[in-house]
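Here is the structure we will look at.
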Amino acid sequence: QVQLVQSGAEVRKPGASVKVSCKASGYTFAGYYMHWVRQAPGQGLEWVGRINQKSGDTNFAQKFQGRVTMTRDTSTSTASMELSRLRSDDTAVYYCVYTVSTSGFDYWGQGTLVTVSS
Amino acid sequence: QSVLTQPPSASGTPGQRVTISCSGSSSNIGSNTVNWYQQLPGTAPKLLIYSNNQRPSGVPYRISGSKSGTSASLAISGLQSEDEADYFCATWDDSLNGRLFGGGTRLTVL
């Protein structure tokens with residue numbers, strides 16, 4: 001079955017960067033899209049961006065443009081998201097979400113808590 | 001404030017039927033399919049409905065989804081205490097070229 005296992009919790013100071021990884025198993029990695037979604041404490045879900053697992057093409061929510069990088073390594077079936085110039089309001093749980101096809105069927109990772117605090 | 005509008009709360013008693021709405025526009029719900037998710041405290045969202053009205057394996061028949069025009073709905077019949085959770089709708093927006101989520105609805109089973 002499809003599994004997405006994310007890296008562990010991170011603590012960073014404002015202005016620093018953080019990289020979260022997502023290791024996939026149970027499907028052909030170079031498939032459709034891997035999305036990244038975040039959820040601030042007590043808040044709703046917010047889309048950060050996505051990467052086409054086959055081509056590597058990316059697109060991001062406008063508010064993250066210039067601060068986020070998404071990559072994938074097909075040899076290790078791992079997708080990663082790096083967010084730079086962190087602020088306190090970037091504190092959130094970050095999820096990787098694999099979309100199987102245009103149907104919208106998706107699988108979620110367990111989430112990674114990123115805490116930004118001085 | 002989310003582009004997709006959901007009521008912040010809903011409630012019902014055991015056995016009742018509850019519906020949760022998700023209102024959007026022509027660039028999102030009006031032209032793309034809708035997913036619904038259930039989120040229990042401290043856990044990742046769980047896919048309940050995809051492609052407007054399709055249930056993944058394991059999701060009970062008493063949970064259903066529908067879409068009409070620029071709005072979508074999630075219906076839960078035979079309400080159970082285990083249904084108490086947050087529910088989110090999601091779709092793609094062609095104008096923003098990005099994925100959108102509703103603000104979420106907290107369902108309380110009285």
Side-chain angles (χ1 to χ4, degrees), chain A residues 1-9 20 22 24 26-27 32-52 57-65 68 70 81 92-114, chain B residues 1-9 20 22 24 28-29 31-59 65 67 72 74 85-107:
Chain A
Q1 75 279 23
V2 173
Q3 274 199 308
L4 302 175
V5 179
Q6 299 184 222
S7 50
V20 180
C22 172
Y27 72 96
Y32 201 51
Y33 282 100
M34 187 72 81
H35 298 252
W36 291 87
V37 175
R38 76 178 188 179
Q39 186 171 35
Q43 302 300 308
L45 300 168
E46 181 177 33
W47 184 74
V48 179
R50 68 176 183 176
I51 181 167
N52 184 301
D57 291 342
T58 55
N59 64 293
F60 310 123
Q62 188 161 8
K63 70 179 288 186
F64 300 105
Q65 296 271 8
V68 67
M70 291 181 185
M81 180 208 66
V93 175
Y94 289 77
Y95 295 100
C96 58
V97 185
Y98 170 57
T99 303
V100 171
S101 69
T102 56
S103 72
F105 191 100
D106 58 26
Y107 296 92
W108 291 60
Q110 84 276 19
T112 296
L113 175 62
V114 174
Chain B
Q1 192 162 342
S2 302
V3 175
L4 300 182
T5 302
Q6 295 182 237
S9 64
I20 298 171
C22 177
N28 43 68
I29 293 179
S31 48
N32 293 285
T33 60
V34 177
N35 283 9
W36 286 93
Y37 301 94
Q38 177 194 59
Q39 188 176 34
L40 298 170
T43 68
K46 171 190 172 184
L47 181 66
L48 283 185
I49 295 289
Y50 67 101
S51 199
N52 302 327
N53 55 18
Q54 301 300 301
R55 274 183 303 272
S57 173
V59 174
K67 184 184 110 169
L74 176 73
D86 293 327
Y87 293 83
F88 296 92
C89 59
T91 189
W92 188 260
D93 190 290
D94 294 334
S95 296
L96 297 174
N97 196 31
R99 196 156 195 226
L100 294 178
F101 290 91
T105 299
R106 178 152 294 177
L107 176 62

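In what follows, every chain begins at residue 1, and chains take the letters A, B, ... in the order their sequences are listed. The structure displayed is predicted, hence computed values, not measured ones.
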Set out, in order, the CA-CA distance, both residues' side-chain angles and the distance that settles side-chain contact (heavy atoms from CB on, under 4.5 Å) for A:D106 and B:Y37, then state yes or no. CA-CA 11 Å; A:D106 58 26; B:Y37 301 94; 2.4 Å; yes

What part of A:Q62 gets closer than 4.5 Å to chain B, counting heavy atoms only: side chain, backbone, both or neither? neither

State, to 0.1 Å, how close B:P45 and A:Y95 come at their nearest heavy-atom pair, and which atoms those are. CD-CZ, 3.9 Å

Under the criterion side-chain contact (heavy atoms from CB on, under 4.5 Å), I'd like the reasoning laid out for A:Q39 against B:F88: C-alpha separation, chi angles, the key distance, then a yes or no. CA-CA 12 Å; A:Q39 186 171 35; B:F88 296 92; 4.0 Å; yes

Would you indicate whether B:R55, at its atom CZ, is surrounded by more than 12 heavy atoms from other residues, nucleotides or ligands within a distance under 6.0 Å? yes

Most heavy-atom pairs under 4.5 Å with chain A, out of B:S51, B:G98, B:G104, belong to B:G98

Which heavy atom of B:F101 sits nearest to which heavy atom of A:L45, and what is that distance? CB-O, 3.5 Å

Tell me, please, which residues at least two apart from B:K46 pass salt bridge (Lys or Arg N to Asp or Glu O under 4.0 Å). none

Run A:H35 and B:R99 through side-chain contact (heavy atoms from CB on, under 4.5 Å) and show every step you take. CA-CA 9 Å; A:H35 298 252; B:R99 196 156 195 226; 4.2 Å; yes

Tell me, for A:V93 versus chain B, whether the close heavy atoms (under 4.5 Å) come from the side chain, the backbone, both or neither. neither

Quick check on the interface: out of A:G109, A:S103, A:G111, who has the most heavy-atom pairs with chain B under 4.5 Å? A:S103

Atom group of B:Q54 that falls short of 4.5 Å from chain A, counting heavy atoms: neither

I'd like to know if the side chain of B:N97 reaches the main chain of A:N59, judged simply by a donor and an acceptor atom lying under 3.5 Å from each other, with no hydrogens or angles considered. no

Can you tell me which portion of B:T43 sits under 4.5 Å from chain A's heavy atoms? Options are side chain, backbone, both or neither. backbone

Taken in chain and number order and not counting sequence neighbours, the residues that satisfy salt bridge (Lys or Arg N to Asp or Glu O under 4.0 Å) with A:R38 are A:E46, A:D90

Need one label for A:F105: side chain, backbone, both or neither, based on atoms under 4.5 Å from any heavy atom in chain B. both

